[in-house]
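Throughout, a chain's letter reflects where its sequence line sits, starting with A, and its residues are numbered from 1. Note: hydrogens, waters and symmetry copies are ignored here, and every other heavy atom, side chains too, is used.
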Amino acid sequence: MHRWLENALRGAIEGVHVLAGQYVAYDMSCIIATFPDLEELVWETYRVGGVLCTSIREKLLDIAIGVFPYPIDTTGTKTKSFYSLADIARVSLGMTVSKGEDTWRTRYSELANVPLGKWPQEAIEYAIRDAELVSLILENQDERALGLHYDMPTQFDDVRADFALRMMSVWGIRVNTARVSELWEDSMSRLHEIAEQLVADKVAKRTKPKDEPPPGHMPMPAIQRNMAAIRELIEQTYPGTPPQTPGGKTSTAAEVIEECSDPVLIDLVEFGKVQKVASTYLTKMFEPLIHARFDAVGGASDRTSCRDPNLQNQPNVAGIRECFIPSPGHVFVSADFDSQEMRTLAQCCLDICGKSRLAERYQADRHFDPHLEFAARLAGISVEQAARLLAEKNEDIKALRQQSKVCNFGFPGGMGVDTFVHYAKGWGVEITPDRAQELKNAWFEQWPEMYTYFRHASNLVDFEGMSGVMIHPQSRFRRGGCTYMEISNGYFQTLAAHASKSAQFEVSRRCYVEPESALYGSRPVVFVHDELILEVPEFAIHETGQELERVMIEKMEKWTPAIPSSAEAKAMRYWSKAAERVVDAEGRLTVWEETS
DNA sequence: GGCATTGGCGCC
DNA sequence: AAAGGGCGCCAATGCC
């Protein structure tokens with residue numbers, strides 16, 4: 001087995017063949033677990049592009065024609081597919097394949113020490129059929145790709161990311177469970193207090209408990225909200241007519257409720273917030289080592305996703321992130337791309353419009369701050385003056401920079417003025433619709449290329465009727481069935497996704513199998529779109545941080561060749577959004593310590 | 001009781 | 001002409 005695998009890997013590295021499978025990252029991680037001496041060969045096979053994954057290819061094809069994640073099967077029915085081998089066989093080949101637990105799929109460990117000659121016939125047949133299916137699907141995918149004139153150019157990058165993310169998942173991330181317990185108990189006492197009040201106020205009733213509490217801990221109060229009563233209360237106390245949901249019902253969003261200033265409703269909002277944190281996040285954190293699962297092609301934009309639990313949407317407040325800790329003897333070193341989507345937008349504008357002021361500004365200064373530059377325009381002062389005021393912590397320029405930032409985040413996606421007012425509120429920026437219009441006008445003057453950018457997006461949609469096809473100028477990644485806004489967003493979001501994934505793979509590769517690298521021996525533990533967190537031996541913080549920045553920038557600039565990039569490393573003893581970059585007197589990266 | 005949808009909210 | 005997008009997960013609710 002070992003010899004056969006070694007030859008298979010070497011053959012793929014030499015280009016004699018490629019290795020293909022359904023979710024190959026799983027198989028490859030198992031190979032490494034079983035034969036650690038093959039690890040270098042596995043990484044090298046990925047590096048040279050010797051691996052194909054039917055699941056990823058299927059997603060890319062579905063994205064290209066705009067049906068992801070609900071493909072149309074061979075009978076013409078729109079189905080929800082999870083891109084398992086059985087799903088793909090059913091949807092694309094029209095074959096019925098059982099994937100239940102009654103099959104051998106998950107039972108081969110029973111045969112670990114059984115010689116092949118003594119394997120049950122069904123176990124052998126299942127394995128052979130599995131390989132045959134992969135082969136049939138590959139062929140079918142090639143035919144469909146040919147029909148689209150689309151060779152899935154990002155598939156190797158996606159497959160590499162899939163593997164690196166799988167390795168991250170296997171490694172896991174550690175949790176300070178004592179701290180989780182404290183947070184849980186605090187939350188539960190508060191929830192019980194509010195629950196009692198809500199029941200007395202008749203906006204909720206007691207129900208039977210649903211889930212077992214974590215062992216040795218207080219249970220979650222078992223109540224059910226009376227949404228009809230709550231909507232009625234909102235309608236009575238909201239100043240004016242309360243906003244409605246698309247379904248036509250009165251919105252019960254926290255933002256709406258806060259306008260009511262009714263004590264019962266305020267309790268309800270607090271209950272909701274505490275309950276959300278406890279049930280969504282804390283319940284998953286009683287394990288000392290968590291293996292969240294990442295999906296390399298989680299969305300139609302080629303972004304990743306994460307689940308069980310989702311480490312990509314951990315709350316910034318409430319001390320949740322702070323429960324994640326490195327292995328003993330290690331610290332976290334994290335780095336994120338500076339204004340990643342502004343830079344990918346600049347590259348896209350250059351590619352699509354031919355000219356971009358945003359691009360020119362980045363080309364003039366790698367550390368260009370697009371938010372400050374636009375704030376200076378809004379203030380009617382020079383950028384130098386604005387920078388000086390900001391350094392002096394001038395409140396006016398800080399507020400304008402915040403407004404500017406919201407513009408730069410919202411408007412590139414095609415956001416309208418009314419939505420912008422609402423969106424800005426979420427960023428703590430209160431503005432009138434008139435001011436929003438003023439900002440939007442000024443924003444177009446700031447980045448004049450955006451007129452052309454939006455016209456291009458609009459043309460793509462109009463020519464096709466209701467939906468358009470986005471073909472990325474840098475990657476040739478194709479996404480069909482797009483609305484105007486999906487295209488406006490898609491260009492820069494997708495390019496950022498490509499860049500982050502490439503960086504994530506290369507950083508991981510060096511961590512695992514590149515002894516010459518300062519990253520060697522460190523382990524990636526979290527990936528959050530534009531941010532990478534590693535656990536690093538405490539003595540190696542500075543060198544690791546430096547190389548992490550270098551590799552991220554180098555990989556990013558492969559996707560934004562006309563735009564310089566920037567990434568900054570920080571070191572911390574636990575995951576925290578509050579952490580800052582700290583350097584000692586010699587300019588060496590050191591651990592941030594909280595000073596409260 | 002199980003399943004799917006809606007509304008809402010956490011993050012980038 | 002005008003139009004934020006991308007996720008995962010939870011509670012409530014509607015449907016079978």
Side-chain angles (χ1 to χ4, degrees), chain A residues 63 68-69 80 204-205 207 210-211 220 222-231 243-257 268-269 271-284 292-295 297-318 320-321 336-337 339-341 344-345 406-420 422-424 426 440 454-455 457-458 461-462 466 468 470 479 482-494 496-497 500 526-532 577:
Chain A
I63 291 167
F68 178 84
K80 186 166 183 164
K205 62 177 182 190
T207 57
K210 271 181 306 185
D211 304 309
M220 182 92 73
I223 62 165
Q224 186 171 2
R225 296 169 188 74
N226 180 346
M227 298 310 288
I230 292 167
R231 289 206 170 83
Q244 298 203 325
T245 65
K249 285 186 278 191
T250 297
S251 167
T252 59
E255 184 196 312
V256 174
I257 287 181
L268 211 57
V269 170
F271 188 89
K273 285 196 195 314
V274 179
Q275 185 189 40
K276 168 96 180 168
V277 169
S279 62
T280 305
Y281 303 102
L282 287 177
T283 52
K284 317 290 167 55
R293 300 173 50 160
F294 291 83
D295 188 340
V297 184
S301 65
D302 203 32
R303 265 190 165 197
T304 64
S305 69
C306 177
R307 63 188 170 97
D308 302 328
N310 183 354
L311 292 177
Q312 295 179 327
N313 70 346
Q314 294 296 308
N316 269 329
V317 290
I320 304 289
R321 286 181 185 225
D336 61 345
F337 289 110
S339 310
Q340 188 188 30
E341 288 192 344
T344 54
L345 175 64
V406 183
C407 292
N408 285 332
F409 287 164
F411 289 142
M415 191 177 281
V417 166
D418 291 338
T419 313
F420 184 81
H422 170 256
Y423 177 73
K440 192 169 181 180
F454 288 129
R455 196 179 322 119
S458 179
V461 175
D462 290 342
M466 288 306 291
M470 180 191 87
R479 178 176 171 188
C482 293
T483 64
Y484 162 79
M485 288 166 290
E486 286 167 340
I487 291 176
S488 304
N489 275 289
Y491 277 119
F492 60 83
Q493 191 181 90
T494 292
S500 297
V526 182
F527 174 78
V528 194
H529 306 301
D530 67 344
E531 178 187 13
L532 198 46
K577 205 63 190 174

Under 4.0 Å between any heavy atoms, over every strand shown, what does [X] touch: base, sugar-phosphate, or nothing? Just pick one.
X        : result
A/Ser251 : sugar-phosphate
A/Asp295 : nothing
A/Ala300 : sugar-phosphate
A/Ala254 : sugar-phosphate
A/Arg321 : sugar-phosphate
A/Phe411 : nothing
A/Arg455 : nothing

Report yes or no: does [X] contribute a side-chain atom to a donor-acceptor pair with the main-chain N or O of [Y] at less than 3.5 Å?
X        : Y        : result
A/Thr494 : A/Asp302 : no
A/Glu531 : A/Val528 : no
A/Gln340 : A/Ala496 : yes
A/Lys440 : A/Met415 : yes

Under 4.0 angstrom between [X] side-chain N/O and [N] OP1 or OP2:
X        : N      : result
A/Thr245 : B/dG7  : yes
A/Gln224 : C/dT13 : yes
A/Lys577 : B/dC11 : no
A/Ser301 : C/dC7  : no
A/Arg307 : B/dC11 : no
A/Thr252 : B/dG8  : yes
A/Asn316 : B/dC12 : yes
A/Lys284 : C/dC10 : yes

Rounded off to whole Å, could you give me the [atom1]-to-[atom2] distance for the [X] and [N] pair?
X        : N      : atom1 : atom2 : result
A/Arg225 : C/dC10 : CZ    : P     : 14 Å
A/Tyr423 : C/dG6  : OH    : P     : 14 Å
A/Asp308 : C/dG8  : CG    : P     : 10 Å
A/Phe271 : C/dC10 : CZ    : P     : 15 Å
A/Met220 : C/dC9  : CE    : P     : 16 Å
A/Gln312 : C/dG6  : CD    : P     : 15 Å
A/Asn310 : C/dC9  : CG    : P     : 6 Å
A/Asn408 : C/dG4  : CG    : P     : 17 Å

Side chain of [X], heavy atoms from C-beta onward: which of [options] has the nearest atom to it?
X        : options               : value
A/Ser305 : C/dG8, C/dC9, C/dG4   : C/dG8
A/Gln275 : C/dA11, C/dG4, B/dG10 : C/dA11
A/Pro246 : B/dG7, C/dA11, C/dC10 : B/dG7
A/Pro315 : C/dA11, C/dG5, B/dC11 : B/dC11

Has the side chain of [X] got a donor or acceptor that lies under 3.5 Å from a partner of the other kind on the base of [N]?
X        : N      : value
A/Lys276 : B/dC9  : yes
A/Asn313 : B/dG10 : yes
A/Gln493 : C/dG6  : no
A/Arg303 : B/dC12 : yes

Establish, from distance only, whether the side-chain atoms of A/Ser301 and A/Gln493 form a donor-acceptor pair under 3.5 Å.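 Yes - a donor-acceptor pair under 3.5 Å links their side chains.
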More than 12 foreign heavy atoms under 6.0 Å from CZ of A/Arg293: is that the case here?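 No, CZ of A/Arg293 has 12 or fewer neighbouring heavy atoms, counting only those of other groups under 6.0 Å.
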Look at the aromatic rings of A/Phe411 and A/Phe420 and report parallel, tilted or perpendicular, splitting at 30° and 60°.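 It falls in the parallel class, under 30°.
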